[in-house]
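These notes concern the structure reproduced below.
For clarity, every value in this text was computed on a predicted model and none was experimentally measured.
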Amino acid sequence: MACLPRSLFERSALQVARDLLGCCLVRMKSGRRLSGIIVETEAYQGEEDQACHARAGRTPRTEVMYGPPGHAYIYFTYGMHWLLNAVVEPEGFPAAVLLRSITAVENVEEMARYRPSLANTKHWTDGPAKLTQALDLDGRLNGCDLCDPSGELFIEAASQVLPDDQVETGPRVGLFTVPEPWKSVPWRFQVRIKNLEFRISNGFF
DNA sequence: CGGCCGATTATCT
DNA sequence: GATAATCGGCCGG
């Protein structure tokens, strides 16, 4: 499947967050493909968005978000977790789409080995920090080009367009001290059916 | 299954 | 010095 073009990322954060659902996140590791279908995302856009890290303006951490679209923004939080975003919108406007959940597809057993907890084996990759663990991602790949199919991390197009009736929206997760309306705007997107059934019935892989 | 809570440190005020 | 785009373990129902 073809790598997503940069033009796809150079659009509004909400559109990109919607369209990344059903696409395949691929991590190349020692020549092997660790991959999964993206099933949940969130949009963070602009310095006005009080939930977006760019609310603080340009800082060493947010610099990547001001750069060209289609690159990875990977940051550290809660003293122990790495979270993966795709930088979106034209260069100069700080915005990103957080990848919150994937359905593991290729080399699932290897991905499970990178997870510290062996409990809840049904939930290997259904959280933003769980998927970075499963794909062995951290700050080393911050800023890498997600549009480079020869790179270590990229995203491939969905094998078919996901119908709107399979997309659910809601408020973003984990915002505790963020003021309204930012705390409640429905900028989270997820595929309704998150399991194996989804990719079989829809012809993914 | 759902709610509560401690872990742990880079980043910004 | 406070906070954080989270997780996993432990508890009760």
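A/Arg188 has no side-chain polar atom (N or O) that falls below the 4.0 Å cut-off from OP1 or OP2 of C/dA5. Under 4.0 angstrom from either OP1 or OP2 of B/dC12 there lies at least one side-chain N or O belonging to A/Thr59.
Spacing between atom CZ of A/Arg55 and atom C1' of B/dT11 amounts to 10 Å, rounded to whole angstrom units. Taking atom CE of residue A/Met65 and atom C1' of nucleotide B/dT11, one finds them 13 Å apart after rounding to whole Å. If you take OH of A/Tyr75 and C1' of B/dT11, they are 12 Å apart, rounded to a whole angstrom. Rounded to an integer number of Å, the gap from A/His123 NE2 to C/dT6 C1' is 16 Å. Per the geometry, CG belonging to A/Leu175 stands 12 Å off C1' belonging to C/dT6, to the nearest Å. Rounded to whole Å, atom P of C/dA5 lies 16 Å from atom CH2 of A/Trp182. Distance A/Asp49 CG to C/dA5 C1': 10 Å, rounded to the nearest Å. Remark: P of B/dT11 and CD1 of A/Ile74 are 14 Å apart, rounded to the nearest angstrom.
Side-chain proximity of A/Ala129 to C/dC7, C/dG9, B/dT8: nearest is C/dC7. Among the nucleotides C/dG8, B/dA10, B/dT8, the one closest to any side-chain atom of A/Phe76 is B/dA10. Distance from the side chain of A/Lys130 is smallest for C/dC7 among the nucleotides B/dT13, C/dT6, C/dC7. Listed candidates were C/dA5, B/dC12, B/dT8. Nearest to the side chain of A/Tyr44 is C/dA5. With C/dG9, C/dC7, C/dA5 as the choices, the nucleotide that has an atom nearest any side-chain atom of A/Tyr73 turns out to be C/dA5.
Across all strands shown, A/Tyr78 has heavy atoms under 4.0 Å from base atoms, whether or not it also approaches the sugar-phosphate. In this structure, A/Arg61 reaches the sugar-phosphate backbone alone: every heavy-atom distance under 4.0 Å involves primed, P, OP1 or OP2 atoms, never a base. Residue contacts for A/Leu98: at a heavy-atom cut-off of 4.0 Å it reaches a base atom on one of the strands shown.
Qualifying side-chain hydrogen bond (donor to acceptor under 3.5 Å, both in side chains) partners for A/Asp165, counting only residues two or more places apart in sequence or in other chains: none. Contacts of A/Arg55 classified as side-chain hydrogen bond (donor to acceptor under 3.5 Å, both in side chains), with partners at least two apart in sequence or in another chain: none. Legend: residues meeting salt bridge (Lys or Arg N to Asp or Glu O under 4.0 Å) with A/Asp136, ordered by chain and number and at least two apart, are A/Arg27, A/Lys29. With sequence neighbours excluded, no residue forms a side-chain hydrogen bond (donor to acceptor under 3.5 Å, both in side chains) with A/Asn107.
Without hydrogens or angle criteria, A/Arg6 side chain to A/Pro69 main chain gives a donor-acceptor distance under 3.5 Å. Checking side-chain atoms of A/Thr125 against main-chain N and O of A/Ile102 turns up a donor-acceptor pair under 3.5 Å.
Secondary-structure annotation of DNA chain C gives the stems B:1-7 with C:6-12, B:9-12 with C:1-4, with a stem taken as at least 3 successive Watson-Crick or G-U pairs whose two distances both fall under 3.5 Å.
Here ring-ring contact (aromatic ring centres under 6.0 Å, His included) pairs that include residues 139-184 of chain A, with residues two or more places apart or in two chains, number zero.
Under 3.5 Å, the side chain of A/His81 and the base of C/dA5 form no donor-acceptor pair of N or O atoms.
Using the six-membered ring where Trp is involved, A/Tyr75 and A/His53 have ring planes that are perpendicular, over 60° apart on the 30 and 60° scheme.
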